[in-house]
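Below: one structure, written as structure tokens.
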Amino acid sequence: MGKIKLKDLVKLWKEDKFLFVKKSTFSTYSILIEKHILPYFENIDEINSKNIKKFIIFKLNQGLSQKSIKDIIVVLKMVLNYGMKNNLLSYQKIDFKLPSIEIENKPQILNKNEYKKILAYIKTHFSLKNLGIMLCLLTGMRIGEVCALKWGDIDLLNGEITIKRTIQRIYVIDGEKRYTKVIINNPKTKNSFRQVPIIGELLKFLKPFKKLGSDNFYIISNSEKPIEPRTYRNYYKRLLKKIGIEYIKFHGLRHSFATRCIESNCDYKTVSTILGHSSINTTLNLYVHPNLEQKRKCVEQMFKKLS
């Protein structure tokens with residue numbers, strides 16, 4: 001490492017980084033450092049491209065995804081760059097490349113029958129917690145966003161919902177103390193701060209409750225205290241079991257909404273905006289996977305135009 005131990009460098013970097021990133025982001029960085037970076041690199045004299053390559057292979061063999069490994073390396077490089085910039089480390093360019101492995105990473109989604117089955121159940125077993133599930137299925141909201149949604153965010157006159165906060169439980173490292181806490185924060189990215197439309201089907205369920213609820217109350221708890229995502233996720237899991245639908249992650253509701261929109265020939269930019277993606281490429285990469293029949297029609301259409 002040269003002039004400073006990695007553990008001491010990490011401490012200085014965290015003190016600097018804490019001032020410029022969201023608490024949730026800082027929590028993620030801290031977890032990656034404590035769980036992956038320090039245990040592997042702390043006793044290695046020099047962190048170079050060769051050692052990073054060994055680390056990548058080690059983590060792949062542990063079953064970590066390429067995305068997770070990239071995230072770890074990004075944090076490691078930030079720490080090292082901070083050390084070099086502040087003359088705490090001798091400069092050494094670090095290059096790394098993940099092995100090219102083809103991984104099919106399709107999002108979990110409900111099929112059309114399952115989608116309809118959940119909506120039908122909610123209509124006949126209505127509650128505010130079930131309303132949250134309906135909101136996710138008909139707007140594509142994230143779990144943290146629906147848990148943080150207040151009645152004041154609902155505009156019945158213009159038929160829109162404003163998404164401007166999220167709730168999440170973060171991991172906190174404070175010296176020797178380790179604990180988690182729930183925080184209410186801004187949405188994930190600036191694009192996540194958005195307005196989404198309320199369709200007629202959803203509007204008729206919101207109207208009677210909107211009149212009874214206080215603008216400062218969280219919708220699914222109907223109180224000043226929100227339900228945290230972990231608790232709500234457990235409720236959702238029990239609901240699927242009761243209905244008789246095989247479990248998929250809560251985020252699968254968002255994926256299901258997006259997939260149904262794409263299948264209905266909604267334009268990709270509009271879907272991306274409703275979901276609050278930072279880029280339309282995120283929407284395309286996640287949900288647009290033409291099958292053979294679609295490809296065939298495309299080529300045939302091209303040939304007809306040519307003729």
Side-chain angles (χ1 to χ4, degrees), residues 22 24 115-116 118-168 182-229 231-233 235-236 250-251 253-262 264-280 282-283 287:
K22 290 167 65 174
S24 55
Y115 198 94
K116 291 176 183 177
I118 294 178
L119 287 175
Y121 179 86
I122 290 172
K123 289 173 187 177
T124 55
H125 300 76
F126 200 76
S127 69
L128 289 175
K129 285 183 180 177
N130 286 349
L131 173 61
I133 305 293
M134 178 182 269
L135 280 164
C136 292
L137 282 171
L138 297 179
T139 67
M141 292 170 66
R142 301 176 177 94
I143 188 169
E145 293 169 344
V146 78
C147 287
L149 197 67
K150 294 184 177 182
W151 286 113
D153 302 325
I154 306 290
D155 182 350
L156 295 177
L157 187 63
N158 293 308
E160 66 180 19
I161 298 170
T162 300
I163 298 170
K164 54 187 175 184
R165 73 186 74 80
T166 187
I167 294 175
Q168 61 189 131
V182 175
I183 63 166
I184 299 172
N185 214 331
N186 295 328
K188 190 176 179 182
T189 65
K190 65 178 183 179
N191 294 74
S192 296
F193 186 100
R194 63 198 188 278
Q195 279 77 37
V196 296
I198 305 172
I199 62 170
E201 184 74 9
L202 182 57
L203 198 62
K204 67 182 181 184
F205 285 97
L206 286 170
K207 273 185 177 178
F209 286 98
K210 167 73 171 171
K211 293 174 184 176
L212 300 173
S214 166
D215 280 356
N216 289 322
F217 279 16
Y218 293 95
I219 288 178
I220 62 173
S221 67
N222 201 32
S223 74
E224 292 180 341
K225 185 179 179 181
I227 295 174
E228 69 156 297
T231 304
Y232 195 45
R233 196 175 284 112
Y235 173 81
Y236 158 77
F250 194 100
H251 205 67
L253 300 181
R254 177 173 163 86
H255 290 320
S256 301
F257 166 80
T259 301
R260 298 288 91 86
C261 287
I262 297 295
S264 303
N265 295 321
C266 298
D267 74 272
Y268 305 145
K269 178 61 179 175
T270 300
V271 177
S272 180
T273 303
I274 293 172
L275 293 172
H277 282 158
S278 56
S279 164
I280 192 173
T282 305
T283 312
Y287 305 115

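The figures here come from the full heavy-atom set of this structure, side chains too, leaving out hydrogens, waters and symmetry mates.
With Ser223 contributing its side chain and Lys225 its backbone, the two residues share a donor-acceptor pair below 3.5 Å. Using modelled atom types, no side-chain atom of Thr270 and backbone atom of Cys266 make a donor-acceptor pair closer than 3.5 Å. A donor-acceptor pair under 3.5 Å is absent between the side-chain atoms of Ser272 and the main chain of Tyr268, judged by distance alone.
Gln195 has its side chain out of reach of Asp155: every pair of non-hydrogen atoms, C-beta onward, lies at least 4.5 Å apart. Side-chain atoms of Ile274 and Arg194, non-hydrogen and from C-beta on, never get closer than 4.5 Å to each other. Taking the side chain as every heavy atom from C-beta outward, Leu253 and Ile133 approach each other to under 4.5 Å. The shortest side-chain heavy-atom distance between Lys210 and Asp215 falls under the 4.5 Å cut-off. Within the 4.5 Å cutoff, the side chain of Arg165 has no heavy atoms near those of the Asn186 side chain. Residues Cys136 and Ile143 have side chains not in contact (no heavy-atom distance under 4.5 Å, counting atoms from C-beta outward). Side chains of Lys129 and Tyr232 form a contact here, defined as non-hydrogen atoms less than 4.5 Å apart. Two residues are said to be in side-chain contact when any heavy atoms from C-beta on lie closer than 4.5 Å; Ile163 and Asp153 fail this criterion.
Aromatic ring centres of Tyr287 and Phe257 lie farther apart than the 6.0 Å criterion allows.
Phe193 pairs by the ring pair (Phe, Tyr, Trp, His ring centres under 6.0 Å) definition with nothing, not counting sequence neighbours.
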Could you give me the CA-CA distance, side-chain angles and deciding distance for Met141 and Arg254, then say whether side-chain contact (heavy atoms from CB on, under 4.5 Å) is met?
CA-CA 6 Å; Met141 292 170 66; Arg254 177 173 163 86; over 6 Å; no
Step by step, work out the side-chain contact (heavy atoms from CB on, under 4.5 Å) result for Ile227 and Ile167.
CA-CA 9 Å; Ile227 295 174; Ile167 294 175; over 6 Å; no
Please assess Tyr218 against Asn222 for the test side-chain contact (heavy atoms from CB on, under 4.5 Å), listing each intermediate value before the final yes or no.
CA-CA 5 Å; Tyr218 293 95; Asn222 201 32; over 6 Å; no
Go through it in stages, so that I can follow the logic: the residues are Trp151 and Asn216, the test is side chain to side chain donor-acceptor pair (under 3.5 Å), and I'd like the CA-CA distance, side-chain angles, deciding distance and then a yes or no.
CA-CA 7 Å; Trp151 286 113; Asn216 289 322; over 6 Å; no
Show the numbers, then the answer: is there a side-chain contact (heavy atoms from CB on, under 4.5 Å) between Leu131 and Leu202?
CA-CA 9 Å; Leu131 173 61; Leu202 182 57; 4.1 Å; yes
Please step through salt bridge (Lys or Arg N to Asp or Glu O under 4.0 Å) for the pair Lys123 and Glu201, ending with a clear verdict.
CA-CA 10 Å; Lys123 289 173 187 177; Glu201 184 74 9; 2.5 Å; yes
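Taking every heavy atom of both residues into account, Ser192 and Pro187 meet most closely at CB-CB, 3.4 Å. Nearest approach of Leu149 to Thr162, heavy atoms of both residues: CD1-O, 3.9 Å. Annotation for Leu275 and Gly140: closest pair CD2-O, 4.0 Å, computed over non-hydrogen atoms. Val271 and Cys261 make their closest contact through CG2-CB, 3.9 Å (heavy atoms, listed as atom of the first residue, atom of the second, distance). Minimum heavy-atom separation, Val146 to Gly132: CG2-O, 3.7 Å. Taking each heavy atom of Ile219 and Leu128 in turn, the nearest pair found is O-CD1, 3.6 Å.
How far OG1 of Thr273 is from CG of Asn191: 8.0 Å, rounded to the nearest 0.5 Å. The SG atom of Cys147 sits 8.0 Å away from the CZ atom of Arg233 when rounded to the nearest 0.5 Å. Put simply, NZ on Lys150 and CD on Glu224 are 8.5 Å apart, with the number rounded to the nearest 0.5 Å. Remark: Ile199 CD1 to Thr139 OG1 distance equals 9.5 Å, nearest 0.5 Å.
The number of heavy-atom neighbours closer than 6.0 Å to NZ of Lys116, taken from other residues, nucleotides and ligands shown, is 12 or below. When the shell of 6.0 Å around CZ of Phe209 is examined, it contains more than 12 heavy atoms from other residues, nucleotides or ligands. Around atom NZ of Lys207, no more than 12 heavy atoms belonging to other residues, nucleotides or ligands sit under 6.0 Å away.
Side-chain contact of Asn130 with Tyr235: a donor-acceptor pair under 3.5 Å is present, judged by distance alone. Ser24 and Gln168 are linked by a side-chain donor-acceptor pair at a separation below 3.5 angstrom, with hydrogens and angles left out of the test.
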